[in-house]
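Report on the structure given below.
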Protein chains: 2
Amino acid sequence: MNPHKVISFETIRVVCKNCTLATLCLPMGLTPEDTERLDMIVKRNRPLHRGDYLFRSGERFRSLYVVKTGSVKTYAPSEEGGEQVLGFHLPGEIIGLDAIEKDHHICSARVLETSAICEIPFTRLEELTCCIPSLQHQMYRLLSKEIGHDTDMLLLLGKRNAEERLATFLVSLSRRLQRRGLSPNDFYLSMSRHEIGNYLGLAVETVSRIFTRFQDEGLLQVDRKHVQLTDLAALEAIVKGSQAEGDDRQHSS
Amino acid sequence: MNPHKVISFETIRVVCKNCTLATLCLPMGLTPEDTERLDMIVKRNRPLHRGDYLFRSGERFRSLYVVKTGSVKTYAPSEEGGEQVLGFHLPGEIIGLDAIEKDHHICSARVLETSAICEIPFTRLEELTCCIPSLQHQMYRLLSKEIGHDTDMLLLLGKRNAEERLATFLVSLSRRLQRRGLSPNDFYLSMSRHEIGNYLGLAVETVSRIFTRFQDEGLLQVDRKHVQLTDLAALEAIVKGSQAEGDDRQHSS
DNA sequence: CGAGGGCTTGAATCCTGTCAACAGACGTGG
DNA sequence: CCACGTCTGTTGACAGGATTCAAGCCCTCG
């Protein structure tokens, strides 16, 4: 066997394990054999490029997807060509959990930049989770986590003003990048201002204004897509502070 | 055996089956034996009254809850005594799915009126879903459905104005009541204006104003907690119409 | 080099929150 | 049974924040 080919194959394999399996197995005590079985059903597709679809709204649901590198946005398209951005997905994050119920996708997913995505055929995964209780539990946790995340977003959109929304967005991005070993305060946005605004329920102009305001206040440096968070603590204070005041007092009966 | 007691016991049992099991087994082809096994682990507690807790934020996660009759609100309390209402739960709906991930509750749940609630110990349920693939699939669907629902709320809070939010709230309520065989256009609200506003991200005053506005326009009749939707179609038009315009056009690259 | 899209900035408008006052329902206790 | 206080809900006036409309800049790409 060609040694070069072997190395390359193993490299891909290891990268995938670090990512897909970390997402699915996280703190669970899967045996090496079980990990291997899970690894076996994961498909590695060729890299996708900006604008490529992972899936489109209405398509039959077949697989879950895990971002290996790059980034993906999910959005609900409307008839008129408008859209509602539902989320931005960074490496290590899973996509498609909302499609299980109706057995077809209720949103579309497109990659924002050249990305490597792992595909996990869901029926295969289900067969596995039936045999591996700890994997099943991990699946429940993943789904539950997604609900918890949406709950956070609910809070964000329901009660936060523009500054608090953008600050939350940036801090969230920062933390997620850090978790993947990337710089938490110096990164490039793969999405446009328009998409950020759409996601946060704000007009493009507002997003732009808040960015400049934050820059004037010395919280960050922004040059087009390039963002440097110079005062992460201050941004976190905006997020935190608003969490307390945001909701109105309501005295229990 | 006392015939009276037998009847009473069986009645409770049937009612529970119609509710809890309908939620969990919905269209799945569970065998009678499997249904029986599921039924065995469901606890029927005594009725709860307004203000009673199902669970509090921070408590260890043990069970899922299914509303049999009455209604429940879930909310995330903050240190200052404020709260963010996360949802209102009507008969047939399940509560607690967001607690699986962290193994403790991240929100509190209190009943809004005298209610009967079924309790399903989660570890018992997990053991069952391991043995019954169709039940496992149903659990995935339930969790996935919750995500889909949150997605809808995201859309609501991100892009809708006050009228659209309240209209959506009322139409949603109407449909869910109808699904349970109750009147879709004549019902009593078990939650206060304050709670509605909190849930929809609006001030109490705004909720009140929109109610009167809707009444002036002949869409509904409202007298305190009593609501009659006299023009459900118009309300649905407000919901639908906004879904199309709400999101801004965004041309794909 | 020109066209177009993404981004920024300014001015005006509108919606919604805040503050404030009040009416009605409810519960308690005299 | 009524007085009282409390809580909920309604309504009005006002201010502030975000959207909308409009214009212009800069970068990218054909």
Side-chain angles (χ1 to χ4, degrees), chain A residues 49-51 73 81-82 85 112-113 156-167 169 188-216 220-227 238 242 245-253, chain B residues 49-51 73 81-82 84-85 112-113 156-167 188-216 220-227 238 242 245-253:
Chain A
H49 301 98
R50 175 168 181 80
K73 79 163 175 180
V85 175
L112 290 167
E113 57 191 319
L156 183 72
L157 293 179
K159 302 246 188 301
R160 312 288 172 242
N161 65 25
E163 282 198 2
E164 294 161 353
R165 293 185 198 191
L166 192 61
F169 172 72
Y188 283 80
L189 299 172
S190 58
M191 69 293 288
S192 68
R193 300 283 191 277
H194 196 116
E195 287 166 325
I196 295 174
N198 188 309
Y199 176 60
L200 296 176
L202 299 172
V204 199
E205 295 91 331
T206 307
V207 175
S208 186
R209 268 185 262 269
I210 309 285
F211 261 123
T212 37
R213 194 182 305 169
F214 280 169
Q215 184 165 239
D216 292 346
L220 52 79
Q221 282 288 113
V222 56
D223 175 39
R224 314 206 122 258
K225 305 276 189 193
H226 185 199
V227 177
I238 295 179
S242 67
E245 312 154 24
D247 23 39
D248 36 322
R249 324 275 112 80
Q250 187 169 359
H251 305 293
S252 42
S253 55
Chain B
H49 301 98
R50 175 168 182 79
K73 79 163 175 181
Q84 160 69 34
V85 175
L112 291 167
E113 59 191 318
L156 182 74
L157 293 179
K159 302 244 188 302
R160 312 289 173 240
N161 63 26
E163 281 198 2
E164 294 162 353
R165 293 184 197 190
L166 191 60
Y188 283 80
L189 299 171
S190 57
M191 68 294 286
S192 68
R193 300 282 191 277
H194 195 115
E195 288 166 324
I196 296 174
N198 188 308
Y199 176 59
L200 296 176
L202 299 172
V204 200
E205 295 91 331
T206 307
V207 174
S208 186
R209 267 186 263 269
I210 308 284
F211 261 122
T212 35
R213 194 183 304 169
F214 280 170
Q215 184 165 239
D216 293 346
L220 52 78
Q221 283 288 112
V222 57
D223 176 40
R224 314 205 122 258
K225 304 276 190 194
H226 186 199
V227 176
I238 294 178
S242 67
E245 313 154 22
D247 21 41
D248 36 324
R249 323 276 110 79
Q250 187 169 358
H251 305 294
S252 42
S253 53

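Order of the sequence lines fixes the chain letters, A, B, ..., with proteins taken first and strands second; residue numbering starts at 1 for each chain.
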Quiz prompt | Considering all heavy atoms, the nearest A:L157-A:G201 contact | solution = CD2-N, 4.3 Å

For nucleotides 21-28 of chain C, which of its nitrogen or oxygen atoms have a protein nitrogen or oxygen under 3.5 Å away, and what is each distance?
none

Quiz item: Got a sec, which residues hit ring pair (Phe, Tyr, Trp, His ring centres under 6.0 Å) with B:H49, two or more places apart in sequence or on another chain?
Solution: none

Quiz item: Taking OP1 and OP2 of C:dT9, is either one under 4.0 Å from a side-chain nitrogen or oxygen of A:T212?
Solution: yes

Quiz item: Which residues satisfy the salt bridge (Lys or Arg N to Asp or Glu O under 4.0 Å) test with A:R213, sequence neighbours excluded?
Solution: A:E163

Quiz item: Can you list the steps and then say if B:K159 with A:N198 is a side-chain contact (heavy atoms from CB on, under 4.5 Å)?
Solution: CA-CA 8 Å; B:K159 302 244 188 302; A:N198 188 309; 3.4 Å; yes

I'd like a list of close polar pairs between nucleotides 18-25 of chain D and the protein, N/O only, cut-off under 3.5 Å.
unit_1	atom_1	unit_2	atom_2	d
D:dA18	OP1	A:A162	N	2.8
D:dT19	OP1	A:G201	O	3.3
D:dT19	OP1	A:A203	N	3.2
D:dT19	OP2	A:A203	N	3.3
D:dT19	OP2	A:T206	OG1	2.2
D:dT20	O4	A:R209	NH2	3.0
D:dC21	N4	A:E205	OE2	3.2

Quiz item: In whole Å, what is the span from the CD atom of A:E164 to the C1' atom of C:dG17?
Solution: 14 Å

Quiz item: Taking all atoms of both residues into account, what is the closest heavy-atom pair of B:K73 and B:E195, and its distance?
Solution: NZ-OE2, 2.8 Å

Quiz item: Does B:K225 place a side-chain N or O at less than 4.0 Å from the phosphate oxygens OP1/OP2 of D:dG9?
Solution: yes

Self-check item: Polar side-chain atom of B:R160 near backbone of B:R165 as donor-acceptor pair, under 3.5 Å
Solution: no

Quiz item: Partners of A:S190 by side-chain hydrogen bond (donor to acceptor under 3.5 Å, both in side chains), sequence neighbours excluded?
Solution: A:S71

Quiz item: Could you state the CZ-C1' distance from A:R50 to D:dT28, rounded to the nearest angstrom?
Solution: 13 Å

Exercise. Report the residues that fulfil side-chain contact (heavy atoms from CB on, under 4.5 Å) with A:S208, sequence neighbours left out, ordered by chain and then residue number.
Key: none

Quiz item: Whole Å only: how far is the CD1 atom of B:I196 from the P atom of D:dT8?
Solution: 13 Å

Exercise. Taking side-chain contact (heavy atoms from CB on, under 4.5 Å) as the test, write out the residues that go with B:R193, two or more places apart.
Key: B:L189, B:V204, B:V207, B:F211, B:V222

Quiz item: For the helix from C:dC1-D:dG30 to C:dG30-D:dC1, what angle lies between the axis at the first five pairs and the axis at the last five pairs, to 10 degrees?
Solution: 40°

Practice problem: Please determine, for the side chain of A:R193, which listed nucleotide (C:dT8, D:dG9, D:dT10) has the closest atom? | Solution: C:dT8

